Amino acid sequence: MIELRTHDTVPTGGAVTEWQLLLDEDPHATVFHSPRYLRLWHETLGQRYPIRIHTVHSNGRIIGVVPDANDRSGSPTGPVELRRFMGGTEVTDYLGPISRVEDRADVATAYIRNLAEDVDWDEFIAGGLMSASGWGDAFRRAAEEHGLQTTHEEIEHVCPALDIHQGFDAYRNSLPGRVRGEFARKARKLAREVGPLELIEVAPDDIGDSLDLFFEQAVTSVPNKASFFQRDDMREWFSALAGEFAGDRIFRLHRLEADGLPAAMTVSLVGEGQWGLYNSAFDVELASFAPGMVIIWMLIEQACMDQLAVFDLLRGDEPYKYQFGAVDRPLERIVFARA
């Protein structure tokens, strides 16, 4: 028997343990789907959103988790009640439920059935779904079965990613020779013109001061996101991420030093077999030496040494990502309403 249970807070105790174990059985799960990450998001940035954590059970065994948040927007006819997945696209790259692949249909059906019986919503916006996960199709079928209509669907974004499961040599050899040579030349030029290179993973106790430097570099080196990095709530968010995840190396702050100078810095979220490059920055005075590209190349090698399967450059189709051979992971956005 399939049963859906709804919680007004992120569950604690055994339910969280079951959720965490389920992450390991979902091949498309990421750090962004974890209870720790979503609880942190709600406490830090999402307090104004009432949340509902739906756990789906089969004969008492948890088979899926669908975390959603309520939102309200205005329209000419009055307020519109929206259902979205927890996390918010501003800081969360992948959204949506988790389950074993074989349980996708049952989980989607249980959630949509509950939604169809609930009168307290106008639109369900299922965004941030990895297309390859199959969740989009599962929700479409369930919606059709329960009298809901699809009013809009699109590929809302992409996350370019690298397959590195065979190791660094195999990854490097998969690139065109001129590309491999270009990365080697960039590293040699930076070392020759500035000084010896060293990739440093900042220790948890030293992250506070280093985060300040990261934000300084980000404001100047990523001008289209300068206002984002200048916001107090974003600085609070990065600090909260470090406080929650640095101790077990899910949150990693790296600094590329050239002759002792901080040439570039990155923030990564590492887990579920994947290295997610969350944000990067560099010293603009060294821009002609491409320190931002050099540090990513070195991080890919480190991710291979850690025996991870995927190096994900996360949301955004910036051209530099494809120089590393990244292939898009499309993200779906589907809007449902009552027929």
Side-chain angles (χ1 to χ4, degrees), residues 30-32 34 36-37 40-41 44-45 91-93 162 164 168 183 186-187 190-191 194-222 225-226 228-287 289-308 310-314 320-321 324:
T30 69
V31 171
F32 301 108
S34 70
R36 288 173 64 189
Y37 178 90
L40 191 69
W41 171 81
T44 308
L45 296 176
V91 297
T92 306
D93 292 74
L162 310 171
I164 58 170
F168 187 68
F183 284 124
K186 289 181 188 299
L190 179 60
V194 183
L197 305 183
E198 183 180 8
L199 181 65
I200 297 172
E201 182 178 340
V202 179
D205 291 343
D206 299 328
I207 280 178
D209 291 341
S210 293
L211 264 181
D212 289 339
L213 178 58
F214 169 79
F215 276 106
E216 289 176 16
Q217 287 193 349
V219 167
T220 56
S221 64
V222 194
K225 294 183 67 176
F228 173 87
F229 289 112
Q230 289 172 321
R231 286 166 45 185
D232 290 340
D233 62 336
M234 286 302 111
R235 291 173 180 255
E236 180 185 356
W237 170 244
F238 276 74
S239 295
L241 277 176
E244 176 68 29
F245 291 115
D248 48 13
R249 299 185 68 230
I250 293 174
F251 179 100
R252 301 189 194 181
L253 180 63
H254 281 87
R255 182 174 67 248
L256 173 62
E257 292 192 352
D259 197 27
L261 299 173
M265 301 184 73
T266 60
V267 170
S268 303
L269 296 177
V270 181
E272 306 307 321
Q274 304 179 56
W275 186 300
L277 185 64
Y278 197 52
N279 275 283
S280 61
F282 59 88
D283 183 344
V284 293
E285 294 186 3
L286 301 177
F289 304 118
M293 301 293 282
V294 173
I295 192 173
I296 293 173
W297 182 252
M298 297 173 78
L299 290 178
I300 295 169
E301 184 172 14
Q302 181 61 56
C304 292
M305 292 172 61
D306 290 351
Q307 299 184 317
L308 299 173
V310 174
F311 189 93
D312 196 333
L313 291 119
L314 298 179
Y320 79 86
K321 296 181 179 181
F324 294 96

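Keep in mind the model is a prediction, meaning the values are calculated, not measured.
Judged by distance alone, the side chain of Thr44 and the main-chain N or O of Trp41 form no donor-acceptor pair under 3.5 Å. A donor-acceptor pair under 3.5 Å is formed between the side chain of Gln217 and the backbone N or O of Pro262. The closest donor-acceptor contact from the side chain of Thr92 to the backbone of Phe32 lies at 3.5 Å or more, if one exists at all.
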*Where do Ile164 and Trp275 land on the side-chain contact (heavy atoms from CB on, under 4.5 Å) test, with the steps shown first?*
CA-CA 10 Å; Ile164 58 170; Trp275 186 300; 5.7 Å; no
*Which is it for Leu261 and Asp283 under the side-chain contact (heavy atoms from CB on, under 4.5 Å) test, yes or no, and what are the steps along the way?*
CA-CA 9 Å; Leu261 299 173; Asp283 183 344; 5.9 Å; no
_With side-chain contact (heavy atoms from CB on, under 4.5 Å) as the criterion, how do Asp312 and Asp93 come out once you've worked through the C-alpha distance, each side chain's angles and the decisive distance to 0.1 Å?_
CA-CA 10 Å; Asp312 196 333; Asp93 292 74; over 6 Å; no
*Start with the C-alpha distance between Phe215 and Phe238, add both sets of side-chain angles, then the distance that settles ring pair (Phe, Tyr, Trp, His ring centres under 6.0 Å), and finish with yes or no.*
CA-CA 10 Å; Phe215 276 106; Phe238 276 74; 5.3 Å; yes
*Please test Leu199 against Leu299 for side-chain contact (heavy atoms from CB on, under 4.5 Å), starting from the C-alpha separation and ending with a verdict.*
CA-CA 8 Å; Leu199 181 65; Leu299 290 178; 4.0 Å; yes
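Rounded to the nearest 0.5 angstrom, Thr30 OG1 and Gln274 CD are separated by 6.5 Å. Taking CG from Leu313 and CD1 from Ile300, the interatomic distance works out to 6.5 Å, rounded to the nearest 0.5 Å. Separation of atoms CE (Met265) and CG (Asn279) is listed at 12.0 Å; rounding is to 0.5 Å. Here the straight-line distance linking atom OG of Ser268 with atom CG of Leu314 works out to 8.5 Å at 0.5 Å rounding. In this structure, the separation between CZ on Phe168 and CE on Met305 is 10.5 Å, given to the nearest 0.5 Å. Between atom CG of residue Leu253 and atom CD1 of residue Ile207 there is a gap of 5.5 Å, rounded to the nearest 0.5 Å.
Among residues two or more places apart in sequence or in another chain, the side-chain hydrogen bond (donor to acceptor under 3.5 Å, both in side chains) test is passed with Arg235 by none. Checked against ring pair (Phe, Tyr, Trp, His ring centres under 6.0 Å), Phe251 has no partners two or more places apart in sequence or in another chain.
Between Phe324 and Met293, the closest side-chain pair of non-hydrogen atoms falls below 4.5 Å. Annotation: side chain of Arg255 is in contact with side chain of Val202 (closest heavy-atom distance under 4.5 Å). In this structure, the side chains of Val91 and Met234 come closer than 4.5 Å at one or more pairs of heavy atoms.
Across Ser221 and Val284, no two heavy atoms sit closer than the pair CA-CG1, 3.7 Å. Closest heavy-atom contact between Ala242 and Leu211: CB-CD1, 4.4 Å. Taking both residues in full, the closest heavy atoms of Ala240 and Leu40 are given as O-CD2, 3.6 Å, listed atom of the first, atom of the second, then distance.
For Asp233, the CG atom sits in a packed shell: over 12 heavy atoms of surrounding residues, nucleotides or ligands are nearer than 6.0 Å. The number of heavy atoms from other shown groups lying within 6.0 Å of CD (Glu285) does not exceed 12.
The six-membered or imidazole ring of Tyr37 lies near that of Trp237, with a centre-to-centre distance under 6.0 Å.
Within the structure, side-chain hydrogen bond (donor to acceptor under 3.5 Å, both in side chains) pairs that include any residue of residues 295-308 comprise Arg252-Asp306, Gln302-Asp306 (at least two apart or interchain).
Using a 4.0 Å cut-off between charged nitrogen and carboxylate oxygen, Arg36 and Asp248 count as a salt-bridge pair.
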